[in-house]
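Working notes, structure below.
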Amino acid sequence: MNEQALYKLSKLQRKYLSYRYSEILLQSAGVSLLVYSILDWFLVESLFIKTFVCVLSGLSLFVVLLLYNRLHTLNKQSFTQYLNEKFPSLKESADLMLLDEGELPGLQQL
(Lines give C-alpha, C1' and ligand atoms only; values in the text may rest on other atoms or scores of the structure.)
Protein backbone atom coordinates (compact mmCIF):
# COMPACT_ATOMS: atom_id res chain seq x y z
CA MET A 1 0.00 0.00 0.00
CA ASN A 2 1.09 3.51 -0.64
CA GLU A 3 1.85 4.73 2.87
CA GLN A 4 1.69 8.40 1.96
CA ALA A 5 -1.74 8.03 0.35
CA LEU A 6 -3.03 6.06 3.34
CA TYR A 7 -1.68 8.71 5.70
CA LYS A 8 -3.46 11.45 3.76
CA LEU A 9 -6.66 9.42 3.68
CA SER A 10 -6.47 8.83 7.43
CA LYS A 11 -5.77 12.52 8.04
CA LEU A 12 -8.74 13.50 5.87
CA GLN A 13 -10.95 11.01 7.69
CA ARG A 14 -9.87 12.34 11.12
CA LYS A 15 -10.50 15.91 10.01
CA TYR A 16 -13.97 14.99 8.70
CA LEU A 17 -14.84 13.18 11.93
CA SER A 18 -13.62 16.06 14.08
CA TYR A 19 -15.79 18.50 12.12
CA ARG A 20 -18.84 16.27 12.40
CA TYR A 21 -18.33 15.59 16.13
CA SER A 22 -17.89 19.33 16.73
CA GLU A 23 -21.07 20.04 14.79
CA ILE A 24 -23.04 17.52 16.84
CA LEU A 25 -21.59 18.83 20.10
CA LEU A 26 -22.46 22.44 19.25
CA GLN A 27 -26.00 21.48 18.22
CA SER A 28 -26.48 19.67 21.51
CA ALA A 29 -25.14 22.62 23.49
CA GLY A 30 -27.46 24.96 21.60
CA VAL A 31 -30.48 22.81 22.40
CA SER A 32 -29.45 22.66 26.05
CA LEU A 33 -29.25 26.46 26.22
CA LEU A 34 -32.58 26.78 24.43
CA VAL A 35 -34.23 24.40 26.89
CA TYR A 36 -32.69 26.31 29.79
CA SER A 37 -34.06 29.62 28.51
CA ILE A 38 -37.51 28.10 27.93
CA LEU A 39 -37.54 26.72 31.46
CA ASP A 40 -36.44 30.10 32.78
CA TRP A 41 -39.22 31.77 30.77
CA PHE A 42 -41.78 29.47 32.38
CA LEU A 43 -40.40 30.58 35.77
CA VAL A 44 -39.09 27.22 36.92
CA GLU A 45 -37.42 28.16 40.19
CA SER A 46 -35.38 25.06 40.96
CA LEU A 47 -31.86 25.31 39.57
CA PHE A 48 -31.43 21.54 39.97
CA ILE A 49 -34.46 20.80 37.76
CA LYS A 50 -33.37 23.28 35.08
CA THR A 51 -29.84 21.91 35.03
CA PHE A 52 -30.98 18.29 35.01
CA VAL A 53 -33.45 18.82 32.16
CA CYS A 54 -30.91 20.79 30.13
CA VAL A 55 -28.15 18.22 30.55
CA LEU A 56 -30.56 15.39 29.80
CA SER A 57 -31.86 17.07 26.64
CA GLY A 58 -28.34 17.87 25.42
CA LEU A 59 -27.02 14.37 26.04
CA SER A 60 -30.04 12.71 24.48
CA LEU A 61 -29.74 14.87 21.35
CA PHE A 62 -26.01 14.12 21.22
CA VAL A 63 -26.63 10.36 21.32
CA VAL A 64 -29.48 10.55 18.78
CA LEU A 65 -27.37 12.58 16.34
CA LEU A 66 -24.40 10.22 16.74
CA LEU A 67 -26.60 7.24 15.95
CA TYR A 68 -28.38 9.04 13.12
CA ASN A 69 -25.16 10.13 11.39
CA ARG A 70 -23.58 6.68 11.93
CA LEU A 71 -20.11 8.13 12.42
CA HIS A 72 -19.09 5.10 14.47
CA THR A 73 -19.46 2.88 11.37
CA LEU A 74 -17.19 4.97 9.16
CA ASN A 75 -14.16 3.02 7.97
CA LYS A 76 -11.66 3.53 5.18
CA GLN A 77 -13.72 1.63 2.60
CA SER A 78 -16.91 3.57 3.23
CA PHE A 79 -14.94 6.82 3.33
CA THR A 80 -13.36 6.19 -0.08
CA GLN A 81 -16.77 5.22 -1.45
CA TYR A 82 -18.12 8.55 -0.19
CA LEU A 83 -15.21 10.38 -1.83
CA ASN A 84 -15.87 8.63 -5.14
CA GLU A 85 -19.56 9.54 -5.02
CA LYS A 86 -19.15 13.18 -4.01
CA PHE A 87 -16.10 14.07 -6.07
CA PRO A 88 -16.42 12.93 -9.69
CA SER A 89 -13.00 14.39 -10.50
CA LEU A 90 -11.45 11.40 -8.69
CA LYS A 91 -12.89 9.15 -11.44
CA GLU A 92 -13.63 6.26 -9.06
CA SER A 93 -9.96 5.98 -8.08
CA ALA A 94 -10.03 6.79 -4.36
CA ASP A 95 -10.44 3.12 -3.47
CA LEU A 96 -7.19 2.29 -5.29
CA MET A 97 -5.30 3.85 -2.36
CA LEU A 98 -6.42 0.95 -0.16
CA LEU A 99 -4.98 -1.74 -2.43
CA ASP A 100 -1.40 -2.94 -2.34
CA GLU A 101 0.71 -1.58 -5.19
CA GLY A 102 1.82 -5.09 -6.13
CA GLU A 103 -1.78 -6.22 -6.66
CA LEU A 104 -2.64 -3.41 -9.07
CA PRO A 105 -2.38 -3.91 -12.83
CA GLY A 106 -0.12 -1.51 -14.74
CA LEU A 107 -2.88 0.87 -15.81
CA GLN A 108 -4.26 1.25 -12.28
CA GLN A 109 -0.78 1.94 -10.90
CA LEU A 110 -0.67 5.12 -12.98
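Source: prediction; values computed, not measured. Quick note: residue numbers are just sequence positions, from 1.
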Going through the distances and angles, do Ile24 and Leu71 end up as a side-chain contact (heavy atoms from CB on, under 4.5 Å)?
CA-CA 11 Å; Ile24 291 171; Leu71 294 178; 4.0 Å; yes

Intermediate values then yes/no, side-chain contact (heavy atoms from CB on, under 4.5 Å), Phe79 and Asn75
CA-CA 6 Å; Phe79 193 68; Asn75 56 20; over 6 Å; no

Would you please test Leu83 and Leu9 for side-chain contact (heavy atoms from CB on, under 4.5 Å) and show each step?
CA-CA 10 Å; Leu83 288 175; Leu9 182 66; 3.9 Å; yes

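Separating the OG1 atom in Thr80 from the NZ atom in Lys76 is a distance of 10.0 Å, to the nearest 0.5 Å. Atoms OH and OH, from Tyr16 and Tyr21 in turn, are 10.5 Å apart once rounded to the nearest 0.5 Å. To the nearest 0.5 angstrom, Ser57 atom OG is 10.5 Å from Phe52 atom CZ. Here the OG1 atom belonging to Thr51 is positioned 12.0 Å from the CG atom belonging to Leu56, to the nearest 0.5 angstrom.
Residues Leu74 and Ser78 share a closest heavy-atom pair of CD1-OG, 3.4 Å. Heavy-atom minimum distance, Arg14 versus Tyr7: NH2-CE1, 4.4 Å.
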Name the atoms and distances for all side-chain donor-acceptor pairs under 3.5 Å in residues 61-69, with sequence neighbours left out.
| unit_1 | atom_1 | unit_2 | atom_2 | d |
| --- | --- | --- | --- | --- |
| Asn69 | OD1 | Arg20 | NH2 | 3.1 |
| Asn69 | ND2 | Leu65 | O | 3.1 |

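Cluster annotation: Ile49 is connected to Leu39 through the hydrophobic network of ILVMFWY side chains, with a link wherever side-chain heavy atoms come within less than 4.5 Å. The hydrophobic clustering, which links ILVMFWY residues whose side-chain heavy atoms are closer than 4.5 Å, places Leu33 and Val31 apart.
Put simply, the side chain of Ser32 gets close to the backbone of Cys54: a donor and an acceptor are under 3.5 Å apart.
The salt bridge (charged side-chain N to carboxylate O under 4.0 Å, His left out) pairs that include a residue from residues 32-42 are Asp40-Lys50, where partners are two or more places apart or lie in different chains.
Other members of the cluster containing Leu43 do not exist, because no ILVMFWY side chain is joined to it at under 4.5 Å.
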